[in-house]
Amino acid sequence: MSAVTATLPRIWPSPGGKPLPSTGTAEVFRAAFFFLGSVHLQQQRGYSPLATGLVFLPVAVATGIGAHLGSQLVGRIGSRTTAVAGLVVTVAGTMPLLWLPADGSVYARLMPGLVIASFGIGIGVAFVTAITTALALVAPEEAGLASGVVNTFHEVGGSIGVAVLSTVAASGIEHGAADGFTSAFTLSAITATASALIALVLVPHSKPQTTGGPHPH
């Protein structure tokens with residue numbers, strides 16, 4: 001416990017910047033999008049688990065591409081710019097989900113929105129930014145401990161995201177209407193917008209540099 005309290009101020013410095021909240025925020029969106037999208041497809045659209053998984057396949061690809069791009073951008077344009085850009089893309093991806101119809105093609109609105117959002121958030125760009133920045137603020141021998149702290153925020157963010165957004169969408173889940181899902185995705189868009197503004201203040205503007213030592217996981 002004393003080791004955690006000694007390390008936390010360096011990953012959450014007072015004036016310097018606070019990358020940890022963006023980790024939790026990223027996981028809020030990841031968990032919420034996958035959960036709400038799956039429930040919408042299976043309960044409202046009648047998709048099988050296999051068909052639902054196939055719809056999310058491009059989302060997984062976008063996540064991987066976003067993660068790779070994020071790891072490159074952090075060292076080139078800085079953590080703050082990368083995090084804000086990722087969250088702005090997330091807002092853009094959430095826009096098509098605000099008018100989610102009860103019928104019609106899933107591939108015309110739901111899947112493109114999730115793909116764009118997945119590319120932008122910490123699921124792709126913002127999460128990589130958060131963990132890279134946090135680990136850059138501690139000594140190499142403390143990387144394992146810092147990674148544990150970051151992943152704690154990661155898990156807490158996912159739990160909160162599912163709990164809050166599933167509650168907002170409860171009416172849609174229970175009655176088969178799209179209104180509940182629309183409300184949940186609207187809250188997601190508002191949260192992403194607020195997160196982008198907060199990131200302008202909390203996320204360090206520095207460019208984390210990688211070292212020649214082992215890469216912590």
Side-chain angles (χ1 to χ4, degrees), residues 7-34 58-95 112-140 142-143 146-158 161 188-213 215-217:
T7 304
L8 187 56
R10 284 194 289 280
I11 15 178
W12 194 317
S14 286
K18 305 174 180 69
L20 291 178
S22 55
T23 305
T25 300
E27 184 61 13
V28 166
F29 297 125
R30 189 198 69 81
F33 287 161
F34 275 86
V59 178
V61 173
T63 301
I65 295 174
H68 176 73
L69 179 62
S71 65
Q72 302 296 316
L73 290 177
V74 167
R76 293 182 180 180
I77 64 176
S79 301
R80 180 181 299 169
T81 305
T82 304
V84 172
L87 289 166
V88 169
V89 174
T90 300
V91 176
T94 310
M95 289 296 106
L114 290 177
V115 166
I116 296 172
S118 298
F119 175 78
I121 40 180
I123 68 196
V125 176
F127 180 70
V128 172
T129 302
I131 196 167
T132 301
T133 304
L135 294 182
L137 296 174
V138 298
E142 295 177 333
S147 178
V149 175
V150 171
N151 279 285
T152 298
F153 275 76
H154 178 253
E155 297 300 326
V156 170
S188 298
I190 294 172
T191 304
T193 303
S195 299
L197 296 176
I198 293 172
L200 287 172
V201 179
L202 297 186
V203 177
H205 189 62
S206 59
K207 301 177 181 179
Q209 300 297 322
T210 58
T211 64
H215 179 71
H217 295 279

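By convention here, the first residue in the shown sequence is residue 1.
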Show the nearest heavy-atom pair for residues [X] and [Y], with the distance to one decimal.
| X | Y | answer |
| --- | --- | --- |
| T90 | A117 | OG1-O, 3.7 Å |
| A196 | V84 | O-CG2, 3.7 Å |
| I116 | A92 | CG2-C, 4.4 Å |
| A189 | V91 | O-CG2, 4.1 Å |

Checklist entry - Can you list the residues that meet the side chain to side chain contact (heavy atoms under 4.5 Å, CB included) rule with V115, with sequence neighbours excluded? => result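 With neighbours one apart ignored, the set is P58, V59, A62, M111.
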Next on the checklist: List the residues meeting side chain to side chain contact (heavy atoms under 4.5 Å, CB included) with I190, not counting sequence neighbours, and say none if there are none.
Outcome noted: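 Per chain and number, I190 pairs via side chain to side chain contact (heavy atoms under 4.5 Å, CB included) with T186.
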Checklist entry - How far does OG1 of T63 sit from CZ of F33, to the nearest 0.5 angstrom? => result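 So the OG1 of T63 and the CZ of F33 are separated by 11.0 Å.
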Checklist entry - Can any side-chain N or O of S71 pair as donor or acceptor with the backbone N or O of H68 at less than 3.5 Å? => result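 At least one qualifying donor-acceptor pair exists.
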Item to check | Residue that, paired with T82, satisfies side chain to side chain contact (heavy atoms under 4.5 Å, CB included) out of V74, L87, L69 | outcome: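 Of all the options given, the one that passes is V74.
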